[in-house]
Amino acid sequence: MKLEVALAELKGVRVALAFAPPACVAPGVGDVLLERLRPHFPTLPLMLVSVDKHGVRAHAAFQAQALVDGADLALLPRALIDL
C-alpha cells in the first residue's frame, strides 16, 4: 500500500498526516494502519486523513478531528511512503 504523507502544524501542534482511503479512516482498520506507519514517524503524533468534497475526516489515537476542522490540507507538500 502506498500513502501520501505530510508534516503540518495544526492549531499549534506538529503532526504527521497520512492521506488514506476513506474506508481506512475509522477505528479498527485505521488503528492497524497507524501502527504500520508508526516507525516512519516515531516522535510525532500521527493521524489518518481523508479529504473529499464534503471536508476532511480524521482518525488517530487522540482528538484528531478537532485538529483538522477548518484546516486547508490541499497545499501541504507531500511525500509517498510504500508500506
Side-chain angles (χ1 to χ4, degrees):
M1 171 183 258
K2 293 182 181 183
L3 293 175
E4 288 186 324
V5 295
L7 300 179
E9 187 166 316
L10 302 175
K11 298 183 180 171
V13 179
R14 188 163 166 81
V15 296
L17 305 170
F19 294 83
C24 294
V25 183
V29 175
D31 297 323
V32 172
L33 188 52
L34 286 169
E35 285 304 312
R36 289 181 62 193
L37 285 162
R38 175 62 39 218
H40 296 276
F41 304 98
T43 62
L44 291 174
L46 177 61
M47 74 170 71
L48 301 174
V49 293
S50 176
V51 181
D52 65 18
K53 63 182 177 183
H54 301 293
V56 178
R57 288 184 43 213
H59 176 69
F62 53 90
Q63 295 285 353
Q65 194 65 49
L67 284 179
V68 297
D69 283 343
D72 183 7
L73 306 180
L75 298 178
L76 290 176
R78 300 179 189 187
L80 194 63
I81 289 182
D82 189 357
L83 298 178

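Along the sequence shown, the residues carry numbers beginning at 1. Reckoned from all heavy atoms, side chains included, excluding hydrogens, waters and symmetry mates.
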Are Leu83 and His40 close enough that some pair of their side-chain heavy atoms sits under 4.5 Å apart?
->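 The answer is yes; the side chains approach within 4.5 Å.
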Does any non-hydrogen side-chain atom of His59 lie less than 4.5 Å from one of Leu33?
-> no
Taking only residues two or more places apart in sequence, or in another chain, which ones meet Glu4 in a side-chain contact (heavy atoms from CB on, under 4.5 Å)?
-> Phe19, Arg78, Leu80
Contacts of type side-chain contact (heavy atoms from CB on, under 4.5 Å), residue Ala60, not counting sequence neighbours | Met47, Phe62, Ala64
Gap between atom [atom2] of [Y] and atom [atom1] of [X] - 0.5 Å precision:
X: Glu9; Y: Leu67; atom1: CD; atom2: CG; answer: 10.5 Å
X: Gln65; Y: Gln63; atom1: CD; atom2: CD; answer: 9.5 Å
X: Leu44; Y: Leu17; atom1: CG; atom2: CG; answer: 10.0 Å

Nearest non-hydrogen partners of [X] and [Y], listed with the distance:
X: Leu3; Y: Ala20; result: CD2-CA, 3.9 Å
X: Val49; Y: Ala58; result: CG1-CB, 4.1 Å
X: Met1; Y: Cys24; result: CE-SG, 4.2 Å
X: Ala61; Y: Leu34; result: N-CD1, 4.5 Å
X: Arg57; Y: Ala26; result: NH2-CB, 4.3 Å

Path from [X] to [Y] over hydrophobic side-chain contacts below 4.5 Å:
X: Val5; Y: Val15; answer: no
X: Val25; Y: Leu46; answer: yes
X: Leu76; Y: Val56; answer: yes

